[in-house]
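Note that the coordinates shown come from a computational prediction; the quantities given were computed from them, not determined experimentally. Below, chain A is the first sequence line, B the second, and so on; all start at residue 1.
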Amino acid sequence: MSRMRMKHALFFGAVGMVFFSSCLKKEITDFAGVKLNPTLAFPLGKLHVVLGNILSDQDSLLTTNSDNSLSLKYRRDSAIYLSFKDIATEITSNWSASLDQQEAIGKVTLAPVSEQRSITLGELMNNFSDPAISTLILGMAGNMGTIPPFSGTSTIPFAIPTPSSFSQIQIDTAQLTLTLVNELPFDLQQITLALVDLENNETITLPPFNVSTGQMQSIQYQIVQKTLHDNLALRITYIESSGSTGPALIDLNDQLKLSISLESILISSRLVQIPMLHLEHNAFFEIQTDNDARISWLTFGDNTAIQYTLSSSLSFPVQVQYTLPSATLGGSPVQQVIQLPAQGQVSQSIDLSGAQIDLSQDTDQPYNRIPLSVAINALPPTNQQVVFDANDGIHIQLNFAQLEITQAQGYFGQVEKQIAPDEITLDLDLSFIDASNNPIFFESPSLTLEYENSFGFPLEVQLELTAYGPQGQTSLLNAPSLIFDYPPLSQAGQPLYSAIVINKYNSNLVDLLSIYPNRFAYSSSGRINPQGNQGMINYVLPNSYLLIHATFDLPLYLRATQITVYDTLSLTPKDSLVGKIRQADIQLDYLNGFPFEATMDLIDLTTDILLTSGITLPAASVNGNGRVQAVQTGRQTITLTADQADVLFQSSQILARIQIASYQQGQIPVALYTDYQIDIGVGIKAALELEQGF
Amino acid sequence: MQQSMRFILLAYYVLVSFYTSPAQNPAFGLGSRLTFLNLAYNAASFSNNDKWYIGLPLLHSVYIGGNSTLSLRQMLTQGNDGRFYLDFNKMATDSPSLNELRLSPSLQLATVGIRIGNGFWSLGLALRNQVQLGYSPNLLNFLANGNGNTDSPIMLNQESLTAQHYLDASIGYARYLGDGIKVGGRLHILRSIGTLSLDRWYIRIQTDEQSFPTYALNTSAEVSVAATGAYAILLDSNDMRSVSPLGYGTGIAFDLGANYRINPRWAFLLSAHNLGNFLFVSAADAKRIYTAGTGQITFEGFSLEPGNDKAATLDDQVNDLRQQLQEAFPIAVQPSKVQINLLGPAITIGATADWTPYLRTAFFLQAISDHIGLRQHLNTSLFWHPNRTIELIGGISWGNRSKLSIGAGMVLQVGPIRWHILSENILLAINPVTARSGGIRIGISIAVNQKNGR
């Protein structure tokens, strides 16, 4: 090999090396990464749900029963509470009691008035109407003589000493007793006397006397309706005598002694010296009700007092003593003494706080009447006449300013009680439920009203409950009238525990629940003695109450034909994965221990493309009690084409539309138990087309 | 700190293994008149014509090279975008039954040779490295096709991995016996810096379509790794020692050779390298990491477990997978004395022909046993030595793994300073996408040449 040839060889060799190097270098400089077309199969995840485990983490209304079944329970303690005060106020709201009575002092019986008056023979003859006789006898004065028979009258009255006890009296009735002692020397026949009021010439003619000489005779006369002044006189309006039987000493000082007395002087007015009087009046302080309530026993509460105003028209002070004979306060009768001045007025009150009143003592009306005794002690001035009128007296005005009771017994009448409306809002967000869903029918819902009642009367409550659904639907409960039992009188003070159950047999509860309510509004009104007076005894005590606990029990024992729920899954678009999947088979293995079947569709909300449809989990079968007896297992394969996979990766929101129905399309009720479980395993076999750059 | 040092050392060894190597084409050394390389490969003589030489420390010879049974062309495919991608599917299609990816850099730390009478003594100190990965088509199929085929399991039991870093101190002696016969031998004293080898490798993966959730991986595996020195320290978290630069354990190797020059043109040689070539490391510095078991590994993925408010993060998932793996395959680390078989014996038979004083041709066949089998090279090279300053080298070889290689090199000598650059396969530079091997060696030494006529 020549040197020149060697040089040429070296030159072309070097050029060739550079050429090849530059041509082939592209595969190095354009090296991008790794190209993979593997088919990868791997689990995507799994779901294991045991119903009981879910519930243990939830602070919800769901409750596990002793047999592991589930109920939706809501309990509101003290849903309704009626205290004694609430009821007592209602019972007594239409009660009133007042008394407006005029108590007259009435006619007064004065002390007997007795006066002596002697008429001498001289006085008699000096004023005798027959002058002949007068002259005869006057002529025989100091001598023996025989007095002939005569008759006549005295021309002047013979004043009677003024009585001190009155100046003027209007006698209603009085017993006038006139005693005549004939010390004259001749017998008197047909002597007629008249009591003459010299002020008004009122004359009371007495029956005639027949008094032999030396004899005494009394007559009584009933004075009726006469007005007498203290200026009285006796007038001899007729006298007749057979004369003396023989000569007799004619002494002009011989007297005809008159003794006049008034007794049992019942006066009705005028100026008089009133004796100490004690008057008693009984009245009834009647409780007025407008509902035929008949109260036989009461205990007044605090702040209960009788306001009274006593007005006196009497011209002398009186002492008034009130007594409520059927009432006791601290074991003592309720009474009060009031000093009432002459023609004065006193306004005060009688505190009846805590007073117990037995209104049953009055056999004529053993209810509603509070007997009231008023004792009036007149306190006239001693030895002093006062103006008196039997019609004067005391004006009594009584009324209860407040009528609070702490106990009552009897028949309270029919009393209405409105109970304030309220609401119960359940912490359930049901907005995901399609409004067009068929309803869920619960088989045995109930609303139990447990109550403690220590009121002693029948009570009927009308419950108005309206349920509101998530879509604005409403449904009425249409509950029956709620009749609350009560403890009999013998068990007064001990609450009676009982319950009222509202269920599908006596209400519209099932239909009400079918609107998926999440709010309940309720109001109620109560009526005491709804049947009227049936002869039972009502009572209330200070600690009486009605406490109602509402328990809504919704056993999850139901039928559902078609419930469609929606859920939106927010995704982060993964454009980097677009075009990387040629096909994906998603294997969904399931073990469904729930008695519900579910069919799910996935829709891309961006493009409205249906990604998958008809992913179905069949329901586990149930026995006659709705309990699962055989689970369902199986596999669903969901194939995503490359285009579907790309849609999925580009999607930002996927709508999951899930249709749920209970076993056999809701034909058979199913019950939920805590041991229900569902297992879902998801695996994916994806044929990838990857070009991973470095 | 201790742990950080471990990683630094590991990185050092790994990087060093990409820098240096001893497995270049032996023909280049055998044929060269100028380089010392014939010392390493001319087992017939273990000497050259120099009176003496000194390999400058750290500059004397640095080798960077590696081999692969697959070329880049077999690994790459052009994507839709016109660019090239590593394509495991294509690799699996083109793959032979067993594949190798081997990096074998070496660093000749120091060497010296001197002629004394009829004998030539040589001393050397080298840091040798070999990282060899053997992989099967199963692995490539797995990477290419994934685990989607649920009908047949994925079997990985042919893979191998060796990483060997060791110090090689050698003393050689060659002597001319007359009648054209030259014989020699060399003793290597070896110290392990760090070795790692798979003693047992068996992995079976079956994608289970009936699991719940489906597509869990039913796995069974038995893996045993022997580690010494730095690797033993590194892989045992309880071992708090620092890596000793003097190495661990002891090993020996022998090289023997003979050279018979029939006439001035033809000479024949026969050599055996790497006889023995093992390291023995006591239990104090060696460990065996072992695991075996079966288990179903499943990716939890999403979980709609009620009450679980937080979705599992990627870290959670990874930790879960790690937990599953740890439970299925508990790892035991036990001190255990280890015997490491280094590169297997290499038998070289060849001939050289000196056509002119400036032109030599060499023919060689070399067979080397390594961890994945027998590696063979058939080589012919041309050495052109027009003057005392330059020598140009070219060659072509065929290897059962690396296939065609075209080598080239040049040696320059200016005074006593000798500089060389050699590549066993310049195709890697010309056509890197088709080449399966490549390597380059450069170095500087000082040599005094004496023509002794033998």
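In this structure, CG in N89(B) is found 6.5 Å from CG in N37(A), a value given to the nearest 0.5 Å. Considering OG1 of T207(B) and CZ of F42(A), their distance stands at 11.5 Å, rounded to 0.5 Å.
Taking S652(A) as the reference, nothing meets the side-chain hydrogen bond (donor to acceptor under 3.5 Å, both in side chains) condition, with sequence neighbours excluded.
Annotation: maximal heavy-atom pairing with chain A below 4.5 Å, among N145(B), D208(B), L217(B), occurs at N145(B). With chain B as partner, the option from A41(A), G681(A), G683(A) having the largest number of non-hydrogen pairs under 4.5 angstrom is A41(A). Listed options L688(A), L40(A), L591(A) were ranked by heavy-atom pairs under 4.5 angstrom with chain B; first place goes to L40(A).
Two residues are said to be in side-chain contact when any heavy atoms from C-beta on lie closer than 4.5 Å; T214(B) and K685(A) fail this criterion. Between P43(A) and T298(B), the closest side-chain pair of non-hydrogen atoms falls below 4.5 Å.
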Checklist line | Residue pair L36(A), Y85(B): steps toward the side chain to side chain contact (heavy atoms under 4.5 Å, CB included) verdict | finding: CA-CA 9 Å; L36(A) 294 171; Y85(B) 293 87; over 6 Å; no
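For a heavy-atom cut-off of 4.5 Å, chain B lies close to Q587(A), D589(A) in residues 577-589 of chain A.
Residue V34(A) comes nearest to F88(B) through the heavy atom pair CG1-CE1, 3.7 Å, listed as atom of the first residue, atom of the second, then distance. When every heavy atom of Y590(A) is checked against every heavy atom of F212(B), the shortest pair comes out as N-CE1, 4.5 Å.
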